[in-house]
Amino acid sequence: MKYLFSLLLIGSVLAVSAQDDITAGEYKKRVLEHTEIDFLVNYYQQDGENAAVTGGYGTEELQDLSPTIVVAVPLNDDDVLTINANISAYTSASSSNIDPFDGKQPADPFVASSGASKSDVWANVVGSYSHSSEDRNLLWNANLSVSAEFDYTSFGFGGGRTWLFNEKNTELSLNGNIYLDTWKLLYPIELRPEGGSFQQVVPGYDPSFNEHTSKGRNSYSAGIGLSQILSSRMTGYVSADFILQDGLLATPFHRIYFADKEDYFYENFQLADDIEQLPDSRFKIALGARLNYFVNHRVTLRTYYRYYTDDWGITSHTASLEIPVKITDKFTIYPSYRFYNQTAADYFAPYNEHLSTEEYYTSDYDLSKFSANNYGFGVSYTDVFTKSHIWKLGLKSIDAKFHKYDRDSAFSASMFSFGVKFVVD
């Protein structure tokens with residue numbers, strides 16, 4: 001879930017604006033006039049009582065602080081290089097219970113331990129290169145990314161192409177990306193070789209556990225999007241995205257408890273019967289549509305709908321509305337609301353309800369049936385002429401946003417983000 005918010009609210013996307021047609025002898029406007037620098041920071045916190053690390057029962061408390069810097073540099077009239085660097089430093093009560101036996105207090109699924117996995121840093125760097133044709137009707141881009149955390153590393157690459165036609169009233173885009181991930185196989189402490197002592201001090205405890213044979217997880221995505229200016233007040237956009245994943249798709253340190261097996265405890269903590277087991281492939285399809293309507297020079301309606309389905313049995317619906325209201329020429333407020341609903345994966349069951357005869361099993365509530373509401377409010381300041389300066393940096397915009405997320409599975413989260421964009425004179 002953390003990455004769900006980190007990915008939806010922290011990530012940055014390069015947008016290249018279409019310019020007027022170029023004719024012989026005219027000045028060709030650059031795609032990006034000056035170097036732009038974005039400084040972003042996000043604070044996210046969550047809580048719940050269905051941690052997958054402890055088999056669907058236990059604290060999900062987490063705090064995350066993520067600073068990001070994005071630098072876009074015009075290489076010439078047509079080409080732009082963008083570097084996006086992000087660090088996410090978090091403290092997770094549930095992750096700490098990969099090894100809950102720190103000796104400082106009785107182990108408990110609702111109490112964080114002081115183990116090494118209690119906190120960590122996720123780091124990510126993305127480099128993007130984009131090129132626009134002379135008439136600005138054709139754009140293409142390529143990207144490379146590297147990220148790492150305590151239990152995995154990831155390398156990604158991809159690209160896309162965009163065509164503008166119908167006097168730039170229509171835009172068609174294609175994109176594709178590949179991510180190659182490698183897990184560090186970190187298991188619950190009682191299932192590791194060094195945890196064999198639990199079988200000696202807890203009579204009868206003898207879990208049927210087999211280590212994973214694969215450490216890799218690959219993701220392949222392709223997408224198509226079509227936007228159209230429908231009238232002087234309305235624009236529309238439709239998209240289709242396809243994602244194929246293969247390899248180790250289960251999380252090695254997610255515990256599973258079987259209903260047809262006897263429960264074993266050490267201190268106040270239930271010892272794992274097994275770890276999460278999921279198929280080694282997953283195919284996802286997402287179909288989306290946006291419709292923006294300009295009510296007047298101050299108010300805009302931005303609507304969005306997405307349908308999602310995959311071959312694990314999940315289908316979901318997302319609907320959102322954002323209403324930017326221009327208070328002055330420079331200040332805009334934008335309240336928003338998003339509703340989300342999904343069915344459960346075929347392999348999900350709550351805490352202690354799986355059977356040992358099943359082939360696949362998970363108690364990760366991100367794969368359960370639930371509905372969620374997300375309320376947001378933002379304020380932005382924009383000065384396209386960058387009249388205010390800090391040294392050689394012209395202040396172009398300031399944004400502040402707050403989101404409150406609640407779902408009906410006893411989980412809630414909130415996030416505050418703040419961003420400042422500068423233009424290098």
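Both backbone and side-chain heavy atoms feed into the values below; hydrogens, waters and symmetry mates do not.
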Student: Does K261 pair with D263 as a salt bridge, N-O distance under 4.0 Å?
Tutor: no
Student: Will you find, in the side chains of T82 and N84, an N or O donor that is under 3.5 Å from an N or O acceptor?
Tutor: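 Side chains of T82 and N84: no pair found under 3.5 Å.
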Student: Is it the case that Y337 and N373 place a side-chain donor and acceptor less than 3.5 Å from each other?
Tutor: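 Yes - a donor-acceptor pair under 3.5 Å links their side chains.
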Student: Do H317 and Y307 have ring centres separated by under 6.0 Å?
Tutor: yes
Student: Kindly say whether G313 contributes a backbone atom to a donor-acceptor pair with the side chain of T343 at under 3.5 angstrom?
Tutor: yes
Student: Less than 3.5 Å apart, any donor N or O on the side chain of R407 or S409 sitting next to an acceptor on the other?
Tutor: yes
Student: Run the side chain to side chain contact (heavy atoms under 4.5 Å, CB included) check on L186 and F150 step by step: do they pass?
Tutor: CA-CA 9 Å; L186 183 65; F150 79 99; 3.3 Å; yes
Student: Is the backbone N or O of D108 less than 3.5 Å from a side-chain atom of Q270, with the two atoms forming a donor-acceptor pair by type?
Tutor: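 No; judged by distance alone, with no hydrogens or angles, the pair does not exist.
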Student: Check the pair D64 / S66 against side-chain hydrogen bond (donor to acceptor under 3.5 Å, both in side chains), numbers first and verdict last.
Tutor: CA-CA 6 Å; D64 177 87; S66 302; 2.6 Å; yes
Student: Y187 ring centre to R192 NZ or CZ under 6.0 Å, with the angle to the axis within 45°?
Tutor: no
Student: Take the angle between the ring planes of F101 and Y266 and call it parallel below 30°, perpendicular above 60°, tilted in between.
Tutor: perpendicular
Student: Sequence neighbours left out, what passes side-chain contact (heavy atoms from CB on, under 4.5 Å) with D280? Give chain and number order.
Tutor: none
Student: For the residue pair R290 and Y304, would you count it as a cation-pi contact if the rule is NZ or CZ under 6.0 angstrom from the ring centre and within 45 degrees of the ring axis?
Tutor: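 Relative to the ring axis of Y304, which defines the angle, R290 lies inside both limits.
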Student: Using ring-ring contact (aromatic ring centres under 6.0 Å, His included), reason through F110 and Y57 one step at a time and then give a plain yes or no.
Tutor: CA-CA 8 Å; F110 286 94; Y57 177 76; 4.9 Å; yes
Student: Are R255 and D364 within salt-bridge range, i.e. N to O under 4.0 Å?
Tutor: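 Answer for the salt bridge query: no.
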Student: Are W122 and Y152 close enough that a side-chain donor and a side-chain acceptor fall under 3.5 Å?
Tutor: yes
Student: Restricting to non-hydrogen atoms, name the atom on H254 and the atom on V53 that form the minimum distance, rounded to 0.1 Å.
Tutor: CD2-N, 3.9 Å
Student: Would you check if there is a donor-acceptor pair between the side chains of E60 and S94 at a distance under 3.5 Å?
Tutor: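 No - no donor-acceptor pair under 3.5 Å links their side chains.
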Student: Do Y351 and E49 have side-chain N/O donor and acceptor atoms under 3.5 Å apart?
Tutor: no
Student: Please determine, by modelled atom types, if T54 and N97 share a side-chain donor-acceptor pair under 3.5 angstrom.
Tutor: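 Note: T54 and N97 side chains miss the donor-acceptor criterion.
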Student: Hey, mind stepping through Y90 and E149 against side-chain hydrogen bond (donor to acceptor under 3.5 Å, both in side chains) and telling me if it holds?
Tutor: CA-CA 11 Å; Y90 69 89; E149 196 180 359; 2.6 Å; yes
Student: S363 side chain to A349 main-chain N or O, any donor-acceptor pair under 3.5 Å?
Tutor: yes
Student: With under 30° as parallel and over 60° as perpendicular, where do the rings of F370 and Y340 fit, or are they tilted in between?
Tutor: tilted
Student: Centroid-to-centroid, F331 to Y381, below 6.0 Å?
Tutor: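 Yes, ring centres under 6.0 Å apart.
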Student: If we ignore angles and hydrogens, is there a donor and acceptor under 3.5 Å between the side chains of S130 and N141?
Tutor: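 No - no donor-acceptor pair under 3.5 Å links their side chains.
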Student: Measure the acute angle between the ring planes of W312 and Y347, then classify it against the limits of 30° and 60° as parallel, tilted or perpendicular.
Tutor: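 Geometry flag for Y347 against W312: perpendicular rings.
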Student: Closer than 4.0 angstrom, basic N to acidic O: yes or no for R282 and D310?
Tutor: yes
Student: Decide whether N374 and H403 meet the rule of one side-chain donor and one side-chain acceptor closer than 3.5 Å.
Tutor: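 Checked: N374/H403 side chains pair up, N/O donor to acceptor below 3.5 Å.
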Student: Pair up each side-chain donor or acceptor in residues 240-253 with any protein partner under 3.5 Å, not counting sequence neighbours, and list the distances.
Tutor:
| residue | atom | partner | partner atom | Å |
| --- | --- | --- | --- | --- |
| Q245 | OE1 | K284 | NZ | 3.3 |
| Q245 | NE2 | S219 | OG | 3.2 |
| D246 | OD1 | N218 | ND2 | 3.4 |

Student: Might you work through the side-chain hydrogen bond (donor to acceptor under 3.5 Å, both in side chains) test for T68 and N86, ending with a clear yes or no?
Tutor: CA-CA 4 Å; T68 302; N86 174 225; 2.7 Å; yes
Student: Looking only at atom types and distance, does a side-chain atom of Q342 sit under 3.5 Å from a main-chain N or O of K369, one as donor and one as acceptor?
Tutor: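 No, the answer is negative, given that no donor and acceptor are paired below the 3.5 Å cut-off.
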Student: Pairing donors with acceptors under 3.5 angstrom, does anything connect the side chains of Q46 and Y44?
Tutor: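 Side-chain D/A pair, Q46 to Y44: present.
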Student: Can you name the side-chain contact (heavy atoms from CB on, under 4.5 Å) partners of R302, sequence neighbours left out?
Tutor: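 By the side-chain contact (heavy atoms from CB on, under 4.5 Å) rule, R302 matches N292, T300, E322, P324.
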Student: For Y361 and D274, run side-chain hydrogen bond (donor to acceptor under 3.5 Å, both in side chains): C-alpha distance rounded to whole Å, both residues' side-chain angles, the deciding distance at 0.1 Å, then the answer.
Tutor: CA-CA 10 Å; Y361 28 80; D274 202 348; 2.6 Å; yes
Student: Would Q63 and T91 count as having a side-chain donor-acceptor pair, cut-off 3.5 Å?
Tutor: no
